[in-house]
Amino acid sequence: MKFRTKMKLCFLPAAMGILVFYLLPFLRVLLYSVVQGQYRWKFAGLRHYVRTFSNEYFQMAFGNTLLLIVCCVPVFTAGAVLLSLICMRKGRLSSVLRKVALLPLFLPSVSVVGAFAAVFAKVESPLPVYSFFLWKYMGMGIVILSAAFSSISPEIYEAARMDGAGIFTICRKITIPLCAKPIKFTVILAIVYSFRTFRESFLYYGTNYPPDYSYTLQYYMNNQFLKLDYQTMAAASVMITALISVLVILFTMERGKAE
Amino acid sequence: MKKAVRVMLTLLRLACTGALLFPILFMFGKARIHDFYELLIEKFWFYPRFWNSFFLAAAIGLGASLLAFLAAAGLKWGIGRGRKVILSVLLLLMLMPLQVTLLPNYVGLRDMGLLDTRAALILPMVCSPFAIYLMYRYMETMPQEAIEAVRMETSSLFPILRHVIFPEMRSCLAAVFVFMFAEGFNMVEQPLYFVKRDELKPLSVLTEILPQEESYLIYAVGIVCMLPLLLLYGFYEEEIMEGLGYLKA
């Protein structure tokens, strides 16, 4: 057998897995969203989409998710940029900070939810969930950005310093413009992760029906799942998929142009 | 002026470290010795749960890193045309929120009759698009000549994978393993939807399984759950930093 064929065979198990668990079922989900019922395979047009959109809980959840994105994504990005800038230098404290910043990503949410619940016991807003989210996922942005920042060659910095540029000027005029792409990727990651906060929120409130201000799209989907309302859920899934696909495609298109 | 900036930076670093560590330290502060005694000696439900969680996470970590390793090698040296398409599909899947992929996962598992088994929790995570994507990004930086040189000697697959590619990929494998282990230890939605039997539920859905009158144990359980990950992270911290950094490209 040719070497190339053998290598192709290596890819097979993963391809099978992705097909069986992600792609093929996704096609079925697409179908679910346009038929009348799970066992009535009759075309229903966009009825489920319209029904989902006009549902008041869906609207509330959508609004809350938007609020989450609007509040958290800038903080996430700015925080990740700032943290990776200040832990870029060599030195003990910087490397400790880098380690600590990445750690939350690996800790089980259930291990720390107690701390957030105790600290924010009296807060009547989605703030605890926001801070839990930022605390946990900012590490991902920091890894990506510090890898990007450290790949800038030291000569550039040296030249800038020779010309008398201070730390802030160097950051503003060199580091950030050169890393525009990774920073954009971090923004995308932040948006994507803010669609993922269900886990933290669920453990924090310990219920499927949190207070109204924290009822995000994920709760809506979760409750449709528990009600076995596949059609609505499929419609919501397809809409979110489309939204994120657009984001990713915009991102990759721009990347293609830059190269 | 320069000195002032430096002092400010040091203070900022200290403050950030403190803020990031705070929840962890808080947990350690809240747990009482007596809780640990109760949990580890008196409570009979704890050990089976813990090992169940641990087993699931280990299976996911090992399976995902092995599968992603093979897939990335295949993608780099086996597939020429269509690679770009596959990569964009992987990127898209990797960025999808869990709530969106859960329904396809659920449908796939149901069609194969795997619901309510351990496999339901393990298999979808093993085929993680994230692991494959990251591994490929890392492998992309390996020089093409390395393989070409070996192929003069042999064209059998296993020695090449084992002795040429594997050593190069060590840090990425470690990163993927730890990351997927952590994901496995931390899964909440999957056990909620895919399994009904109580004994299959891992510790990560603690609020579902912890009896109401024992809710003060949450700190102790949290710390015990944290330990395996703290250890893994401590051991492989550098590899993780290096491996995950390849996502940026």
Side-chain angles (χ1 to χ4, degrees), chain A residues 3-4 6-8 10-11 13-14 17-18 20-22 25-26 28-29 83 86-87 93-94 96-97 99-104 106-112 114-116 118 135 143-144 147-148 167 182 185 192 195-196 198-199 202-203 206 218 221 225 233-234 237 240-241 244-245 248 252, chain B residues 5 9-10 12-13 16-17 20-21 23-24 26-27 30 67 70-71 73-75 77-79 88 91-93 95-101 103-105 107-108 123-124 127 129 132 151 155 157 178 182 185-186 188-189 193 204 206-207 218-219 222 225-226 229 233 237 241 244-245 247-248:
Chain A
F3 180 71
R4 238 183 134 73
K6 281 187 200 164
M7 275 300 193
K8 267 188 190 138
C10 281
F11 183 63
I18 297 271
V20 168
F21 289 115
Y22 293 90
F26 184 73
R28 285 190 69 160
V29 170
L83 277 171
I86 62 175
C87 66
L93 193 54
S94 300
V96 169
L97 176 58
K99 279 175 200 167
V100 169
L102 197 49
L103 183 60
F106 293 92
L107 294 182
S109 301
V110 72
S111 304
V112 278
F116 281 90
W135 177 78
V143 191
I144 290 169
I167 303 180
F185 188 60
V192 165
F195 275 101
R196 287 194 183 182
F198 177 71
R199 184 172 296 178
F202 179 79
L203 290 174
Q218 293 86 300
M221 309 263 291
F225 207 118
M233 199 180 163
S237 284
I240 295 182
T241 310
I244 292 190
S245 311
V248 174
T252 43
Chain B
V5 170
L9 275 178
T10 311
L12 194 58
R13 281 185 198 128
C16 292
T17 314
L20 286 165
L21 272 182
I24 304 170
F26 188 89
M27 295 298 286
K30 268 280 183 171
L67 195 81
L70 286 178
L75 205 54
W77 283 288
I79 293 172
S88 352
L91 181 69
L92 207 60
L93 283 177
L95 291 177
M96 283 299 149
L98 207 50
Q99 259 65 34
V100 171
T101 52
L103 185 58
N105 282 173
V107 171
L123 287 179
C127 308
I132 304 174
R151 286 209 32 219
S155 77
L157 188 64
V178 178
F185 219 95
N186 195 15
V188 173
E189 291 91 338
Y193 303 150
S204 41
L206 188 69
T207 40
I218 190 164
Y219 300 106
C225 285
M226 225 188 272
L229 288 150
Y233 182 72
E237 188 270 328
M241 257 304 190
L244 286 185
L247 269 183
K248 73 170 197 298

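For the numbers below, each heavy atom of this structure counts, side chains included, while hydrogens, waters and symmetry mates do not. Each chain gets a letter, A, B and so on, in the order its sequence line appears, and its residues count up from 1. Here the structure is a predicted model, which means the values were calculated and not measured.
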Is there side-chain contact between A:R28 and B:P104, with at least one heavy-atom pair below 4.5 Å?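 Not in contact.
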Is there a side-chain contact between A:V112 and B:M226 in this structure, where contact means two heavy atoms from C-beta onward sitting under 4.5 Å apart?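 With C-beta onward as the side chain, the pair touches.
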Chain A contact via [X] - which portion, at a heavy-atom distance below 4.5 Å:
| X | result |
| --- | --- |
| B:L20 | both |
| B:L95 | both |
| B:L21 | both |

Select one option (side chain, backbone, both, neither) describing which atoms of [X] are under 4.5 Å from chain B's heavy atoms.
| X | result |
| --- | --- |
| A:F225 | side chain |
| A:L107 | both |
| A:V29 | side chain |
| A:F26 | both |

Against chain B, work out which of [options] has the most heavy-atom pairs shorter than 4.5 Å and name it.
| options | value |
| --- | --- |
| A:F198, A:F195, A:Y22 | A:Y22 |
| A:L102, A:I244, A:V20 | A:L102 |
| A:M221, A:M233, A:R199, A:Q218 | A:R199 |

Name the member of [options] that forms the most heavy-atom pairs with chain A at distances under 4.5 Å.
| options | answer |
| --- | --- |
| B:S88, B:G108, B:C16, B:A71 | B:A71 |
| B:L9, B:T10, B:L93 | B:L93 |
| B:T17, B:L103, B:L67 | B:L103 |

Under the ring pair (Phe, Tyr, Trp, His ring centres under 6.0 Å) rule, collect the residues that match up with A:F11, sequence neighbours excluded.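 A:F11 satisfies ring pair (Phe, Tyr, Trp, His ring centres under 6.0 Å) with no other residue.
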Pair B:I24-A:L103, side chain to side chain contact (heavy atoms under 4.5 Å, CB included): steps then yes or no: CA-CA 10 Å; B:I24 304 170; A:L103 183 60; 3.8 Å; yes
Any donor-acceptor pair under 3.5 Å linking the side chain of A:S111 with the backbone of B:G222?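 Checked: pair present.
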